Protein chains: 2
Amino acid sequence: MAVGKKSARRRSRCPLNATLEAFGDGWSLLIVRDLMFKGRTMFKDFLDGEERIATNILADRLKKLEALGIIARERDASDARRVRYRLTEKGLDLAPVLVEMIVWGARYEDTDAPPRTIRCMTEDRDRFIAEIRKRWAAGERGAVRSSPKSTS
Amino acid sequence: MAVGKKSARRRSRCPLNATLEAFGDGWSLLIVRDLMFKGRTMFKDFLDGEERIATNILADRLKKLEALGIIARERDASDARRVRYRLTEKGLDLAPVLVEMIVWGARYEDTDAPPRTIRCMTEDRDRFIAEIRKRWAAGERGAVRSSPKSTS
DNA sequence: CCGGATCCGTTTCGATACTG
DNA sequence: CAGTATCGAAACGGATCCGG
């Protein structure tokens with residue numbers, strides 16, 4: 001299915017389709033995860049992820065996510081060479097989706113996620129999501145540390 | 001990213017990756033949606049969906065979803081020609097993911113989802129998901145009708 | 001008719017090399 | 001650091017064919 005835009009199939013206005021259009025391609029969602037949980041903000045940060053995304057794919061997906069208003073791109077104030085990406089409100093609202101996907105994956109696919117984090121996500125889901133927002137609002141863009149530990 | 005299996009990237013055991021492996025390709029999730037919300041159970045039912053999936057792609061995805069234990073395939077007792085697909089427990093557990101994706105899509109992408117359904121999903125999320133399970137357990141495989149109306 | 005399998009042109013992906 | 005350019009490999013998807 002890919003991520004193409006001229007595909008004739010894309011006419012359905014099912015909300016699930018709208019979501020798949022945004023990140024049904026696999027890479028986009030990983031980028032959002034990196035931003036949301038891992039404190040990655042720069043082009044190079046994403047490249048260093050364990051999934052080894054190629055530079056051209058990364059550039060393409062960043063562009064698409066920006067066009068969709070899920071992330072925003074801005075030059076670093078202190079160092080003009082650097083570019084920082086951040087989640088917009090729309091992007092932050094993907095937190096519940098991410099959380100449910102992570103929980104499902106952890107339940108069925110034998111992953112390396114810390115059970116503590118998963119428990120936190122399931123037993124206190126709403127608070128967990130609220131904290132993601134809070135941390136973001138506070139401008140603390142570092143990796144998740146306190147109660148929800150590295151979501152890897 | 002597609003759905004390929006020999007990709008070198010697939011080594012991360014991040015639970016999100018596990019989930020993306022399952023249905024990060026776009027079509028798979030639509031099939032699950034058809035099963036979960038639209039009462040579609042047969043090969044032809046999926047073909048008739050508004051997204052116009054090709055027969056070869058459909059066959060491939062059904063096989064993959066079955067291999068992953070998300071759906072199960074069985075011949076109809078009354079008519080040996082027919083094949084019925086159904087969600088397994090693992091597949092039913094995708095309900096929260098689907099719901100969050102639908103809610104997000106409906107909030108941001110101007111879809112044709114009935115506001116009533118969306119409200120039901122957000123304001124009474126847990127009950128909504130519980131009802132999906134209940135309906136399924138009761139053997140009522142028809143399209144969703146009562147409180148959550150056509151999810152399109 | 002139902003549930004696919006096969007063929008085949010087109011599109012997209014993705015690894016590497018290269019550039020500002 | 002933050003991307004383009006290139007190019008072979010893979011996936012898509014429409015049409016058609018086939019066994020039951």
Side-chain angles (χ1 to χ4, degrees), chain A residues 1-12 17 20-21 23-31 34-35 40-67 71-86, chain B residues 1-12 17 20-21 23-31 34-35 40-67 71-86:
Chain A
M1 168 125 86
V3 79
K5 34 199 39 153
K6 52 185 62 165
S7 164
R9 247 181 345 75
R10 280 314 189 194
R11 288 193 228 114
S12 164
N17 254 341
L20 284 172
E21 185 118 29
F23 52 82
D25 76 290
W27 286 119
S28 303
L29 201 56
L30 293 177
I31 294 172
D34 283 354
L35 279 163
R40 296 186 183 138
T41 62
M42 299 191 306
F43 195 89
K44 182 149 190 305
D45 294 336
F46 300 121
L47 282 182
D48 290 343
E50 53 286 330
E51 285 94 3
R52 316 270 84 202
I53 186 171
T55 62
N56 54 344
I57 307 292
L58 176 56
D60 177 71
R61 295 308 191 277
L62 286 171
K63 224 174 288 181
K64 276 175 181 160
L65 285 172
E66 192 189 359
I71 65 176
R73 189 193 121 111
E74 47 206 30
R75 292 208 169 267
D76 192 309
S78 60
D79 184 347
R81 291 181 314 180
R82 290 165 187 268
V83 176
R84 290 206 178 277
Y85 293 92
R86 64 178 175 78
Chain B
M1 169 125 80
V3 79
K5 36 198 36 155
K6 50 185 60 164
S7 163
R9 247 180 347 77
R10 281 313 189 193
R11 287 190 230 115
S12 165
N17 254 339
L20 285 171
E21 184 118 29
F23 53 81
D25 77 291
W27 285 119
S28 303
L29 200 56
L30 292 178
I31 294 172
D34 282 355
L35 279 163
R40 296 188 182 136
T41 62
M42 300 193 304
F43 195 88
K44 182 146 190 307
D45 293 337
F46 301 119
L47 283 181
D48 290 344
E50 52 285 332
E51 285 93 3
R52 313 271 87 201
I53 186 171
T55 63
N56 54 343
I57 306 290
L58 176 57
D60 178 71
R61 296 307 191 277
L62 287 171
K63 222 175 289 179
K64 276 173 179 159
L65 285 172
E66 191 188 0
I71 65 175
R73 192 192 119 109
E74 47 207 29
R75 291 209 168 270
D76 192 308
S78 60
D79 185 348
R81 290 181 313 181
R82 291 163 186 270
V83 175
R84 292 208 176 276
Y85 293 92
R86 63 178 177 79

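Because the structure is a prediction, the values reported are computed rather than measured. Lettering of chains follows the sequences in order, A, B, ..., and the numbering in each one begins at 1.
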Quiz prompt | Nearest heavy-atom neighbours spanning A:Trp27 and A:Glu51 | solution = CH2-O, 3.6 Å
Quiz item: Closer to the 5' end of DNA chain D via nearest nucleotide, is it A:Arg82 or B:Ile57?
Solution: A:Arg82
Quiz item: To the nearest 0.5 Å, how far apart are CG in A:Asp25 and CG in A:Leu30?
Solution: 8.5 Å
Practice problem: Measure the distance from CG on B:Asp48 to P on C:dG4 and round it to the nearest whole Å. | Solution: 15 Å
Quiz prompt | Distance test, side-chain N/O of A:Arg84 to OP1/OP2 of D:dC1, below 4.0 Å | solution = no
Quiz item: Looking at D:dA2, does its base get a donor-acceptor pair with the side chain of A:Thr55 below 3.5 Å?
Solution: no
Quiz item: Between C:dG3 atom C1' and B:Asp79 atom CG, what is the distance in whole Å?
Solution: 12 Å
Quiz item: Whole-Å distance between C:dG4 P and B:Lys64 NZ?
Solution: 15 Å
Practice problem: Measure across A:Asp34 and A:Arg40 and return the closest heavy-atom pair with its distance rounded to 0.1 Å. | Solution: OD1-NH1, 2.9 Å
Quiz item: Does B:Trp27 have a side-chain nitrogen or oxygen under 4.0 Å from the phosphate oxygens OP1 or OP2 of D:dC12?
Solution: no
Quiz prompt | Given D:dG3, D:dG14, C:dG4, the nucleotide with the shortest approach to the side chain of B:Arg73 | solution = C:dG4
Quiz item: Do the side-chain N or O atoms of A:Lys63 get closer than 4.0 angstrom to the phosphate oxygens (OP1, OP2) of D:dT4?
Solution: yes
Self-check item: Side-chain-base donor-acceptor pair under 3.5 Å for B:Asn56 and D:dG14
Solution: yes
Self-check item: Nearest-Å distance for atom pair CG/C1', residues A:Leu58 and C:dC13
Solution: 14 Å
Quiz item: If you check every side-chain atom of B:Phe43, which of C:dG3, D:dA2, C:dA15 has the closest atom?
Solution: C:dG3
Quiz item: When you check the phosphate oxygens OP1 and OP2 of C:dC13, does a side-chain N or O of A:Arg52 lie under 4.0 Å from one of them?
Solution: no
Quiz item: In this structure, which one of B:Arg84, B:Arg86, B:Arg82 forms a salt bridge (charged side-chain N to carboxylate O under 4.0 Å, His left out) with B:Asp76?
Solution: B:Arg84
Quiz item: Rounded to the nearest 0.5 Å, how far apart are CG of A:Asp48 and CE of A:Met42?
Solution: 9.0 Å
Self-check item: Rounded distance in Å - CD1 (A:Ile53) to C1' (C:dT16)
Solution: 15 Å
Quiz item: Are B:Tyr85 and C:dC2 close enough that a side-chain N or O sits under 4.0 Å from OP1 or OP2?
Solution: no
Quiz item: Once you build an axis from the first five pairs and another from the last five of the helix from C:dC1-D:dG20 to C:dG20-D:dC1, how far apart in angle are they, to 10 degrees?
Solution: 30°
Quiz item: Rounded to the nearest Å, what distance is computed from the CG atom of residue A:Asp60 to the C1' atom of nucleotide C:dC13?
Solution: 10 Å
Quiz prompt | Nucleotide D:dG20, atom C1' - distance to NZ of B:Lys44 in whole Å | solution = 18 Å
Self-check item: Donor-acceptor pair, side chain of A:Arg75 and main chain of A:Ala80, under 3.5 angstrom
Solution: yes
Quiz item: So among B:Ile31, B:Thr41, B:Leu62, which one has a side-chain contact (heavy atoms from CB on, under 4.5 Å) with B:Tyr85?
Solution: B:Leu62
Self-check item: Rounded distance (Å) that lies between atom C1' of C:dC2 and atom CD of B:Glu74
Solution: 17 Å
Exercise. Verify, without hydrogens or angle tests, whether A:Asp60 (side chain) and A:Ile57 (backbone) share a donor-acceptor contact under 3.5 angstrom.
Key: no
